[in-house]
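Everything below concerns the one structure shown next.
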2 protein chains.
Amino acid sequence: MKKEKVQERIIRVASDLFYRQGFNSTGINQIIAEADIAIGSLYNHFTSKNDLLQAYLIKEELEWFKGFEDHSAQISEPKQKILSLVDYRKKLQKSSKFAGCHFIKIIAELGDSSPVVSDFAKKHKGRQKEMIRTLVSEYAENKKNLNTDLITESIFLLIEGAVVTSTIDKNTNSFNAVQKMIEAQLP
Amino acid sequence: MKKEKVQERIIRVASDLFYRQGFNSTGINQIIAEADIAIGSLYNHFTSKNDLLQAYLIKEELEWFKGFEDHSAQISEPKQKILSLVDYRKKLQKSSKFAGCHFIKIIAELGDSSPVVSDFAKKHKGRQKEMIRTLVSEYAENKKNLNTDLITESIFLLIEGAVVTSTIDKNTNSFNAVQKMIEAQLP
DNA sequence: GTCTATAGACGGATAGAC
DNA sequence: GTCTATCCGTCTATAGAC
């Protein structure tokens, strides 16, 4: 196992705190304390707290897609892969104790105050939706009369709704309805 | 027109700021400046900033249901009333410049740090869902073979997903898919 | 890289005079 | 109700010594 570099440790600790406590509620002092580094060291690697926020978003973006790839590696059939995506989001919610989606959270906290962050979140969600669209299109290839655009959009919205609902309810019930709806829409 | 009392003005200004900027990003000083009152006056009406947060949530809860009542007053047919709910959420998003759902926002910002707030949001979403359930049940009365529980859950999730998606995308496209899905599920 | 010190602004909240 | 002054803490960020 490779030794974790200082910069990586900073990002890991900061990401964890940003996610669990919120960006505004997390101070520089807490980050350096938990990462066990000096403040000078932090500002040697990052120019500002906002710079750390960028690194956080990039890290979560990469991990999200990498995590799904690993989770669904054994599955090739499109419909099963879509159901595996639902299962992936459910798993993420459970392992984070229902902390919610990183990108929905940061947008809720920052609003439009940071165009860079808004843009990043928008593109991230766009990539998620395109991934679903690809899978739905694959599934629809040898079927007929399937409205792939509407199915894509509704699966995407159902999953997003299930994530926010499970964050509020602190359980995974909402994902079950999503799975049933997908079964109904992909006969 | 009745003259707005000081306490009402404080709540109105604070609510607006909490919603647009976020709770943590809104300071007491900004609230008293925009409400044009003295700080002593604020603490005469509210014991703390958290006390103001409670008042904010209660206000938004009441206004949400009152707003929907007004919006759908002319409509009695259940299916049309559900579609009117979608239209209501769309309208709220447009008029707030896509600032999102008050309750999803505050949960995203505070996480589990305030059980009172978490509980309030959970109950609010529960009331929304029960309202949908009532309408779906009414609709299903003289139909057969409709899974009202699943339809209720999926409509609720679709709407929640559409709200967060429209908040990120800054447009109302997502609501169109919801309306089409409802049409499909309520034949 | 480490440490401590500190700037400078702002946070919530309180007290006293009017 | 208004006003000003102030306490005390925390915030991000910088500077200097080792």
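Proteins come first, then strands; the chains are lettered A, B, ... in the order of their sequence lines, and each starts at number 1.
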Non-neighbouring partners of B/Phe23 that pass ring-ring contact (aromatic ring centres under 6.0 Å, His included), sequence neighbours left out:
B/Phe18
Could you tell me if the ring centre of B/Trp64 sits under 6.0 Å from that of B/His102?
no
To the nearest Å, how far apart are B/Ile32 CD1 and C/dC10 P?
14 Å
Check the distance between D/dT2's C1' and B/Ile10's CD1 and give it to me in whole angstrom.
13 Å
Side chains of residues 177-187 of chain A: which donor-acceptor pairs under 3.5 Å do they make with residues two or more places apart or in other chains?
from: A/Glu183; atom 1: OE1; to: A/Lys79; atom 2: NZ; distance (Å): 3.0
from: A/Gln185; atom 1: OE1; to: A/Ser154; atom 2: OG; distance (Å): 2.8
from: A/Gln185; atom 1: NE2; to: A/Ser154; atom 2: OG; distance (Å): 3.2

Could you tell me which residues satisfy salt bridge (charged side-chain N to carboxylate O under 4.0 Å, His left out) with A/Lys66, sequence neighbours excluded, listed by chain and number?
A/Asp70
The salt bridge (charged side-chain N to carboxylate O under 4.0 Å, His left out) partners of A/Lys129 (sequence neighbours excluded) come to A/Glu153
The contact string for nucleotides 11-18 of chain C, one letter per nucleotide 5' to 3', using protein heavy atoms under 4.0 Å with B, S and - for base, sugar-phosphate only and none, comes out as SSBB----
Can you tell me how far P of D/dT10 sits from CD1 of A/Ile31, to the nearest Å?
16 Å
Starting at atom NE2 of B/His45, determine the distance to atom C1' of D/dG1, rounded to an integer number of angstrom.
8 Å
OP1 or OP2 of D/dT2 sitting under 4.0 Å from any side-chain N/O of B/Ser41?
yes
Not counting sequence neighbours, which residues clear salt bridge (charged side-chain N to carboxylate O under 4.0 Å, His left out) with B/Lys94? List them please.
none
Whole-Å distance separating the CG atom of A/Leu53 from the P atom of D/dT12:
12 Å
